[in-house]
Amino acid sequence: MTFFDSAKKILTKTAKDAAKVSGEIAQQTKIKFKAAQVKDEINTRYALIGELYYGVAEYELDNADKISQLVEEVTALKEQLESLESELGGKKTKKCSFCGNDNDVEAEYCSKCGTKLE
């Protein structure tokens with residue numbers, strides 16, 4: 001085997017390894033993006049639940065059916081989020097004591113509100 005054959009073999013293997021890793025990174029990025037979208041949907045529904053409860057307290061509205069539907073949607077979205085996070089390998093996070101945001105385990109400050117993480 002000549003030098004060029006050896007070099008070609010090494011370069012081919014390296015290129016295949018790089019392609020595999022970049023594909024895995026792309027897949028993880030897609031999952032993270034979808035998880036972020038699901039978290040936003042959950043937060044939107046939390047806000048709607050809050051508005052409906054305010055209507056109950058302030059104006060004595062009967063919003064029980066709407067609230068119940070939103071709670072069911074949040075439950076389903078949380079299950080979807082758990083599934084996505086398990087696909088990522090159960091990445092460990094630090095929860096912010098102020099806003100409840102999940103942050104990277106290496107983070108020193110919350111990415112949402114800036115509070116120093118413990």
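Position 1 is the first residue of the sequence; numbering continues from there. No hydrogens, no waters, no symmetry mates; every other heavy atom, side chains included, goes into these values.
Taken to the nearest 0.5 Å, the CD1 atom of Ile67 stands 15.0 Å off from the CZ atom of Arg45. The NZ atom of Lys8 lies 10.5 Å from the CG atom of Leu11; values are rounded to the nearest 0.5 Å. Interatomic distance, CD1 of Ile42 versus NZ of Lys39, reported as 8.5 Å (0.5 Å rounding). The distance from atom NZ of Lys116 to atom CD of Glu118, rounded to the nearest 0.5 Å, is 9.5 Å. Here Ile25 contributes atom CD1 and Lys30 contributes atom NZ; the two are 13.5 Å apart, rounded to the nearest 0.5 Å.
Using a 4.5 Å cut-off on side-chain heavy atoms (C-beta onward), Leu77 and Leu81 make no contact. With a 4.5 Å cut-off on side-chain heavy atoms, Leu70 and Leu52 count as touching. No side-chain heavy atom of Tyr53 sits under 4.5 Å from any side-chain heavy atom of Asn63. Side-chain contact check for Leu48 versus Glu51: some heavy-atom pair is nearer than 4.5 Å.
Counting heavy-atom neighbours within 6.0 Å of Glu108 CD, excluding the residue itself, gives a total of 12 or less. Residue Glu58 qualifies as enclosed at atom CD: its count of foreign heavy atoms under 6.0 Å is above 12.
Remark: the backbone N or O of Ala64 is not paired with any side-chain donor or acceptor of Ser68 at under 3.5 angstrom.
Ile31 pairs with exactly one of Lys34, Gln27, Gln28 by the side chain to side chain contact (heavy atoms under 4.5 Å, CB included) rule, that one being Gln27. For the side chain to side chain contact (heavy atoms under 4.5 Å, CB included) with Leu117, the lone residue among Lys94, Glu106, Lys95 that qualifies is Lys94.
A side-chain donor-acceptor contact under 3.5 Å links Thr2 and Asp5. Residues Glu73 and Gln69 have side chains that bring a donor and an acceptor to within less than 3.5 angstrom of each other.
Closest heavy-atom contact between Gly114 and Tyr109: O-CD2, 3.4 Å.
Among residues two or more places apart in sequence or in another chain, the side-chain hydrogen bond (donor to acceptor under 3.5 Å, both in side chains) test is passed with Lys78 by Tyr46. The side-chain hydrogen bond (donor to acceptor under 3.5 Å, both in side chains) test applied to Asn101 returns Asn103, Ser111, not counting sequence neighbours.
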